[in-house]
Every structure is written in C-alpha cells, then in structure tokens.
Amino acid sequence: MTKNTYQKILFVLLLLSGLYAINHWVKSSSKEQITQSPQKNVTPDTSTNKSIENRDHKNDIKNKDIQNIQPKDITLTSLDELIALFNSLNYNKESWDAGLREVPRLTFESVGEKWQETSNEIPVQLKKMVFFRLMAPLILLSNEKIALERNIVKTAQLNDGKLIQLAIKYRVISESPEQLTEEHRAQLLQRVDIMPPSLVLAQAAEESGWATSRFTVEGNAFFGQWDFSGNGMIPKQQRKELGNYGLARFDTPQASVEGYMLNINTNAAYLSLREMRQGLRKDKKPITGLELATTLDKYSERGQAYIDGIQGIIRFNKLDQVDAAYLGDDTPLHLISANQ
C-alpha cells in the first residue's frame with residue numbers, strides 16, 4: 001500500500017468518525033434541551049380547552065407548595081415603577097401579543113385614594129391595562145384554590161373531615177355529620193368550580209368603576225356584594241325597603257375576589273350559572289365568560305342590560321384571551337404602595 005493511498009484511507013476514516021460524533025452531539029443536545037428547558041420558554045398553547053384543563057389539574061402538589069411560600073413584599077412609589085415591574089416579569093403587551101399567557105403571582109395591599117383621585121388623568125388604555133394586570137393574578141390564585149378544593153371533592157372519602165368542611169363552606173350542609181353521601185359529593189362538584197377570568201375581570205371593572213368607587217377604596221369591595229349583617233358600608237342612597245343592607249367590606253382585594261366566587265358558587269340566584277358550567281364540563285366544552293354571562297340576569301336590577309354590558313366589556317377589551325392564562329411558578333410578590 002502506497003503512502004498516498006494510506007493517507008486517503010486515514011482521511012476518510014477520520015471524516016466518518018467526525019460526522020458520527022457531530023450527529024451524536026446534535027441528538028444528545030436536542031434531547032437535553034427538550035427535557036431541561038423551563039416551561040416558560042416553550043411556545044404556549046393558547047387553546048382555551050387546554051388552559052382550563054391545565055388550571056384544574058396542573059401539579060396539585062406543586063401548587064400547594066407555592067401557596068405556602070411567603071410572598072416577597074415590593075414597595076412601589078409610582079405608576080412608572082409598577083409598569084417597570086410588569087416589564088421585568090415579561091407581563092406586558094409585547095409578551096401577550098407574542099402568545100405568552102403566563103401570569104405572575106401578584107397580590108396587592110389595597111387601592112389607595114391617590115388612584116381614585118388621579119385615575120381620570122391617566123390615559124384610558126393605561127388605566128385599563130393596570131387594572132386588568134393587577135386583578136388577573138388574584139382571579140387565577142382564587143381559581144387555583146378552588147381547583148385544589150375540587151380535587152378533594154373528587155377523591156376524598158365520604159367521612160373525610162376536609163370534605164365535610166367543604167360541604168359546610170359551600171352550604172351543601174349546615175352542620176357536621178359523621179359522613180356525607182354521594183349526593184352531597186355531586187352537589188359539591190356543581191358548586192366547587194372555577195370562574196372564567198374574563199367574566200370576573202369584566203364584573204370587577206363594572207362594579208368597582210375600574211377600582212375608583214368609594215366602596216373599593218374604603219373596603220376592597222370590587223364586586224358590589226351586599227351585606228345584611230349591619231357591618232357593611234352604607235350607600236348614600238340606601239333603599240330602606242330592601243332592609244338594613246350595606247356593601248360587604250374585605251380585608252384585601254384577594255379576599256374580595258374569593259368572596260365573590262363563593263357567592264357565585266353558593267347563592268341560589270346563580271344556580272343557572274352553575275348548571276350551565278356543569279353542562280359545559282360534561283360536554284367537554286370551554287367554560288367562557290361570554291357564555292356564563294348570559295345567566296347573570298339576577299346579579300343586577302338592570303337584568304339583560306347588565307348582561308349586555310358585561311359581554312360588551314369582554315368583547316371590547318378582548319378579555320376572552322385571559323381565559324387561557326395560567327399562573328407562573330416564580331416566587332409570589334405582594335405589592336405595597338408607598339403613597340398609601
């Protein structure tokens with residue numbers, strides 16, 4: 001064998017060896033990227049059906065762990081700082097338009113009087129954006145808690161204390177028995193269920209005047225819920241024929257959202273909403289705000305006009321997109337205004 005032939009054979013062997021190594025490296029890198037890439041870097045699936053399924057069944061153990069984490073306090077001194085925070089969390093229009101539906105775990109202390117006093121000076125689109133981006137996490141957090149409760153309803157033994165406490169909370173029973181029945185479980189499954197964020201956002205905007213109403217500022221009342229206990233906030237034009245009522249006050253905006261959802265899920269006035277929601281689940285159809293809004297004729301004395309108004313808010317502001325939103329896994333943040 002000549003030296004020249006030997007060199008050619010050696011070159012071919014080295015070339016084949018190199019190609020094999022490159023191919024092996026590419027396959028290994030691709031596999032590693034698929035298995036190790038964080039969820040937030042994957043192009044999100046914005047299907048409403050998938051998002052609702054994810055909200056209901058996404059890693060309940062992880063959700064419990066996150067809920068037990070103490071939120072980190074963030075003090076803000078201006079609206080510009082709040083917008084900067086949104087941008088740092090990729091919680092902005094650019095990310096939303098790109099299809100990202102991840103929402104950070106944000107809560108906030110309360111609505112300050114400064115917002116009430118200066119909101120008219122803020123451009124309408126900016127005011128709406130701030131309102132929706134502050135309220136959406138509260139709604140998703142409330143839905144997350146309900147999803148965990150629903151899982152208990154589905155899986156717990158009929159004599160489980162947690163299940164019995166849920167039956168009392170959701171007014172299926174009035175006192176604690178030794179155990180429940182399957183009929184009780186069926187009633188709970190109709191009541192212990194999420195609300196579409198689009199509907200909750202639209203009602204919060206309508207009932208609180210975009211968080212500028214006196215009741216929202218004084219008592220974190222975002223949904224105009226009545227209180228007949230005598231401890232409510234008395235409206236200036238109280239209708240005496242309806243009794244000694246006021247507007248329910250809440251310790252935090254989060255408590256207001258949770259109170260609203262409990263009211264919707266237990267009050268006899270909203271039975272048709274719960275039945276529609278149950279039917280949509282049974283038929284494996286999306287639970288949307290536009291759909292459930294059609295049942296809210298008893299939420300306001302305005303009846304159909306109220307329904308039309310809520311659906312108008314959803315459509316005009318494209319809130320149906322928020323029904324596909326989901327909570328991120330980062331550390332919860334609690335926002336405090338330095339001007340309060």
Side-chain angles (χ1 to χ4, degrees), residues 74-89 91-94 96-97 103-104 106-139 197-226 232-238 246-257 260 289 293 299-302 305-322 333-340:
I74 302 290
T75 300
L76 302 171
T77 61
S78 67
L79 184 58
D80 288 340
E81 286 189 2
L82 176 61
I83 303 304
L85 176 65
F86 287 161
N87 289 332
S88 72
L89 298 170
Y91 189 40
N92 50 32
K93 186 177 186 300
E94 290 74 21
W96 196 261
D97 289 346
V103 173
L106 299 178
T107 54
F108 61 98
E109 192 76 8
S110 62
V111 178
E113 291 183 0
K114 186 174 181 181
W115 172 264
Q116 185 185 46
E117 295 167 357
T118 62
S119 62
N120 288 333
E121 302 169 10
I122 302 173
V124 172
Q125 288 304 316
L126 178 59
K127 179 167 70 173
K128 286 183 175 182
M129 182 274 288
V130 170
F131 180 86
F132 289 140
R133 293 199 184 279
L134 285 176
M135 292 301 295
L138 306 187
I139 296 165
S198 59
L199 179 58
V200 187
L201 284 173
Q203 286 196 268
E206 173 70 17
E207 298 293 336
S208 72
W210 302 94
T212 63
S213 77
R214 171 171 71 91
F215 303 115
T216 303
V217 174
E218 291 182 9
N220 292 310
F222 284 85
F223 299 95
Q225 292 176 242
W226 287 9
M233 297 173 284
I234 306 300
K236 291 180 179 179
Q237 297 181 343
Q238 188 184 49
L247 272 291
R249 64 174 75 244
F250 299 90
D251 292 336
T252 63
Q254 179 73 59
S256 178
V257 175
Y260 156 85
Y299 200 95
S300 165
E301 293 179 346
R302 294 167 54 207
Y306 180 79
I307 292 173
D308 294 341
I310 294 300
Q311 289 183 319
I313 292 174
I314 293 174
R315 290 193 179 99
F316 185 81
N317 296 285
K318 299 179 180 179
L319 296 182
D320 56 305
Q321 296 178 3
V322 191
L333 303 177
H334 184 62
L335 309 183
I336 303 171
S337 173
N339 300 314
Q340 291 184 153

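When reading the values below, keep in mind they use all heavy atoms of this one structure, side chains included, and skip hydrogens, waters and symmetry mates. Quick caveat: nothing in here was measured; it's all calculated off a predicted structure.
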Non-hydrogen atoms of [X] and [Y] that approach each other most closely:
X	Y	result
Ala221	Ser213	O-OG, 4.4 Å
Ala211	Phe222	CB-CE2, 4.0 Å
Val103	Pro137	CG1-CG, 3.6 Å
Ala293	Ile310	CB-CG2, 4.3 Å
Val257	Met135	CG2-CE, 3.9 Å
Tyr91	Ala136	OH-CB, 3.7 Å

Straight-line distance of [X] [atom1] to [Y] [atom2], nearest 0.5 Å:
X	Y	atom1	atom2	result
Leu82	Asn87	CG	CG	9.5 Å
Ser110	Glu218	OG	CD	12.0 Å
Phe108	Leu134	CZ	CG	5.5 Å
Ser208	Arg214	OG	CZ	14.5 Å
Asn220	Met233	CG	CE	8.0 Å

Worked check of side-chain contact (heavy atoms from CB on, under 4.5 Å) between Trp96 and Arg133
CA-CA 11 Å; Trp96 196 261; Arg133 293 199 184 279; 4.2 Å; yes
Pairwise side-chain contact, [X] with [Y], heavy-atom cut-off 4.5 Å (strictly under):
X	Y	answer
Leu76	Ser337	no
Tyr299	Ile307	no
Trp115	Val130	yes

### Query
What's the verdict on side-chain contact (heavy atoms from CB on, under 4.5 Å) for Thr107 and Thr252, showing C-alpha distance, side-chain angles and the deciding distance?
CA-CA 9 Å; Thr107 54; Thr252 63; over 6 Å; no
Flag yes if more than 12 heavy atoms outside Asp251 fall under 6.0 Å of its CG atom; otherwise flag no. no
Paired with Ile314, the side chain to side chain contact (heavy atoms under 4.5 Å, CB included) test is passed by just one of Val322, Leu319, Leu201, namely Leu319
Treating Ser300 as the side-chain partner and Tyr306 as the backbone partner, does any N or O pair qualify as donor plus acceptor under 3.5 Å?
no
Parallel, tilted or perpendicular, judged at 30° and 60°: which one describes the rings of Phe223 and Tyr260?
parallel
Contacts satisfying salt bridge (charged side-chain N to carboxylate O under 4.0 Å, His left out) that involve residues 199-212 (not counting sequence neighbours) are Glu206-Arg302
Item to complete: Start with the C-alpha distance between Leu106 and Phe86, add both sets of side-chain angles, then the distance that settles side-chain contact (heavy atoms from CB on, under 4.5 Å), and finish with yes or no.
Response: CA-CA 10 Å; Leu106 299 178; Phe86 287 161; 3.8 Å; yes
Those residues at least two apart in sequence (or on a different chain) that pass ring pair (Phe, Tyr, Trp, His ring centres under 6.0 Å) with Phe132 are Trp210
Report the C-alpha separation of Asn92 and Ile83 in whole Å, then their side-chain angles, then the decisive distance to 0.1 Å, and conclude whether the side-chain contact (heavy atoms from CB on, under 4.5 Å) test is met.
CA-CA 8 Å; Asn92 50 32; Ile83 303 304; over 6 Å; no
Here the side-chain hydrogen bond (donor to acceptor under 3.5 Å, both in side chains) pairs for residues 118-131, sequence neighbours left out, are Lys128-Asn317
